[in-house]
Each structure stands twice: as structure tokens, then as C-alpha cells.
Amino acid sequence: MSEPQIVTIPCLSDNYAFLLHDPASGETACIDVPDHAPIVAELDARGWTLGHILITHHHWDHVQGVDALKAAKGGKVYGCGADAARLPALDVSLAEGDTFTIGNHTVEILDVSGHCDNHLAFIVPGANAAFTADSLMALGCGRLFEGTPDQMWASLSKLAALPPETVIYSGHEYTTSNARFAHTIEPDNPALISRIQSVAAAREADQPTVPSTLAEELATNPFLRADDPVVSANVGLPGAPAAAVFAEIRRRKDNF
Ligand code: ZN
Ligand code: FE
């Protein structure tokens with residue numbers, strides 16, 4: 001089975017869309033559509049046909065180009081059936097535990113709500129990939145617009161249980177400010193200190209900091225580290241449950 005190719009497409013001011021292409025079958029999926037034009041251009045430049053449009057969640061900066069992309073390039077629209085009322089028209093309704101295939105590769109659905117209700121992540125084990133949008137982000141996580149801290153901690157815990165070599169394709173280039181915040185939680189974490197340096201170098205060179213690996217996030221992302229005794233002590237909650245530590249870290253970030 002050949003490895004799929006994954007292309008990162010910057011959209012709007014700081015969003016990312018992704019193309020996942022299976023060379024064996026020629027099938028291509030687009031994950032989120034912040035803006036259709038750069039995605040159409042990338043498909044045309046590569047000569048790829050679009051079969052699947054995957055939506056992570058209802059926010060406008062992830063869906064506003066869906067209808068225009070479908071009109072231009074075709075493709076079936078996949079999204080959370082429970083959220084159909086506020087998503088573009090769906091061809092395939094999904095819920096946690098569902099699977100479908102892109103070429104020979106299985107896509108698994110996780111519900112990773114917290115940022116908003118009915119936020120899906122698309123896991124492609126054959127590509128070592130997780131498309132997490134505004135749930136788990138590089139050195140961060142999405143703000144809790146609809147969900148509770150307990151719910152987001154449960155969602156992040158599902159992602160944390162994936163193989164550590166999983167590559168995390170998240171939805172925004174927020175990593176520079178996430179890094180500044182992370183340093184306030186764990187100023188003495190050597191893995192974090194070195195990641196902050198590589199993030200700064202990448203941004204100076206105008207390179208994206210997305211994707212990252214789950215292993216990097218487990219070592220440096222304060223939101224994934226709420227179950228670490230050093231982190232709970234650093235936020236003044238030694239021995240507290242991880243979800244409570246997570247809630248305190250999220251509260252601090254909201255006021256950062
Ligand atoms: Zn969002
Ligand atoms: Fe977003």
C-alpha cells in the first residue's frame with residue numbers, strides 16, 4: 001500500500017486546508033475549505049480530481065468555501081450528521097466510530113468536541129495522519145466556545161491515545177503565540193524550550209509550523225500535559241484531576 005501524499009494549503013490569514021492524495025487509486029480528499037480558490041489552484045496544478053470534501057466543524061473559517069469548491073471540482077461532502085443544520089449540505093453524514101475509505105486507506109472518525117459541539121477529527125492510520133482542526137493544535141487547543149473543560153480534556157485524551165508518531169494536521173498558524181503561553185506554564189521544560197526556538201526559526205523563514213507530531217505535542221503542549229505532576233504543581237493545583245488542571249490552563253490562556 002503506497003503512502004498517501006498530504007499537501008498543506010495556507011488560506012485566509014492563518015487557516016490551513018489539506019489535500020490527502022492516494023497515488024495508488026488516484027483519489028483525493030480535501031480537509032476543510034476556508035477558501036476555495038487556493039484549493040482549486042492546487043488541485044489544478046497537480047492534476048488531481050477531488051472525490052471527498054471533509055468538514056471538521058461548522059465555523060465559517062473552515063466551511064465557507066465548501067459549496068464553491070464542490071461546484072468547481074465536484075466531490076462528496078462529509079461532515080457530522082448531528083450538526084447538519086449548521087453545516088453546508090452534506091452528502092455523507094458521519095458520527096464517532098464511523099469509517100470510510102479514500103482509495104485503500106481507511107478514515108476513522110473521532111468526536112473531539114469542546115471548541116464547539118460536533119467537532120470531528122479525521123484519523124488516517126495508513127497515512128499516520130490526524131486532521132484535528134481546532135481541537136488539538138500545535139502547542140495549543142481551540143478556545144472553548146461551546147464545550148466544557150471536561151469535554152475538551154476527554155477529546156484531547158482520545159487524540160493523545162493515538163500512536164505517538166501520528167502527524168497532527170491542525171487548522172491554524174497560531175503556534176508563535178501558543179509558544180509564548182506554553183512557556184509561562186512550563187518555563188523549565190527543555191523539550192518546550194527547544195521547540196520554541198524551532199518555531200521561531202520556522203516563522204522567520206516564513207515556513208508553517210503545522211503539521212507537528214503527537215510525540216512533540218505530548219512533550220510540549222501544556223493542554224495535553226494537564227495530567228503531568230510538574231504541570232499541575234506549576235499552576236498551583238498539585239494532585240488535582242487532569243480535567244481541572246486543563247480547565248485552569250485554558251482559563252489562563254483565555255486571559256493571556
Ligand atoms: Zn473553529
Ligand atoms: Fe478555526
Side-chain angles (χ1 to χ4, degrees), residues 6-20 29-39 42 53-69 77-88 90 94-96 109-123 129-156 158-159 167-182 199 203 208-212 217 221 223-224 246-247 249-251 253-254 256:
I6 299 176
V7 180
T8 301
I9 306 176
C11 293
L12 309 178
S13 59
D14 57 33
N15 278 80
Y16 289 120
F18 303 98
L19 294 178
L20 177 127
C30 179
I31 297 89
D32 281 345
V33 192
D35 183 7
H36 73 287
I39 297 168
E42 192 72 42
I53 300 170
L54 314 185
I55 301 173
T56 58
H57 68 294
H58 76 99
H59 287 155
W60 68 274
D61 62 312
H62 298 257
V63 303
Q64 64 175 353
V66 167
D67 292 339
L69 178 62
V77 179
Y78 294 67
C80 182
D83 224 12
R86 44 182 202 176
L87 292 174
L90 300 180
L94 300 171
E96 179 161 75
I109 310 306
L110 288 180
D111 184 312
V112 291
S113 295
H115 172 65
C116 61
D117 292 338
N118 300 309
H119 189 311
L120 302 182
F122 300 98
I123 315 301
F131 297 92
T132 60
D134 298 355
S135 58
L136 175 59
M137 307 177 90
L139 277 175
C141 76
R143 189 179 279 257
L144 304 185
F145 288 113
E146 294 177 351
T148 64
D150 281 7
Q151 187 183 19
M152 186 59 127
W153 175 250
S155 293
L156 293 180
K158 294 178 197 176
L159 295 166
V167 182
I168 304 296
Y169 296 85
S170 52
H172 289 270
E173 185 59 57
Y174 290 162
T175 320
T176 300
S177 77
N178 286 346
R180 269 190 285 118
F181 173 73
V199 164
R203 295 311 292 151
T209 62
V210 173
S212 55
E217 299 306 333
N221 185 323
F223 298 99
L224 273 192
F246 170 82
I249 297 169
R250 188 61 252 178
R251 189 191 66 74
K253 177 67 163 64
D254 292 345
F256 183 63

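Numbering of ligands and ligand atoms starts at 1, following listing order.
For the residue pair Asp134/His57, the side-chain donor-acceptor check at 3.5 Å is satisfied. When only modelled atom types and interatomic distance are considered, Thr148 and Asp150 share no side-chain donor-acceptor pair under 3.5 Å.
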Next item on the list: Decide side chain to side chain contact (heavy atoms under 4.5 Å, CB included) for Gln151 and Leu144; before the verdict, give the C-alpha distance in whole Å, the side-chain angles of both, and the deciding distance to 0.1 Å.
Entry: CA-CA 10 Å; Gln151 187 183 19; Leu144 304 185; over 6 Å; no
Next item on the list: Run the numbers on Ile109 and Phe122 for side chain to side chain contact (heavy atoms under 4.5 Å, CB included), then give the verdict.
Entry: CA-CA 5 Å; Ile109 310 306; Phe122 300 98; 3.6 Å; yes
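At a cut-off of 2.8 Å, His115 coordinates the Zn ion (ligand 1) through an N, O or S atom. At a cut-off of 2.8 Å, Asp134 is counted among the residues with an N, O or S atom near the Zn ion (ligand 1).
Rounding to the nearest 10°, we obtain 90° for the angle at the Zn ion (ligand 1) between His57 NE2 and His59 ND1.
Taken to the nearest 0.5 Å, the NE2 atom of His172 stands 11.0 Å off from the CG atom of Asn178.
Residue-and-atom listing of protein N/O/S atoms under 2.8 Å from the Fe ion (ligand 2), sorted by chain and number: Asp61 OD2, His62 NE2, Asp134 OD2, His172 NE2.
Aromatic ring pairs are classed by plane angle as parallel below 30°, tilted from 30° to 60° and perpendicular above 60°; the pair Phe131 and Phe18 is tilted. In this pair, His115 and His119 present their aromatic rings perpendicular. The plane angle is above 60°, beyond the 30 to 60° band.
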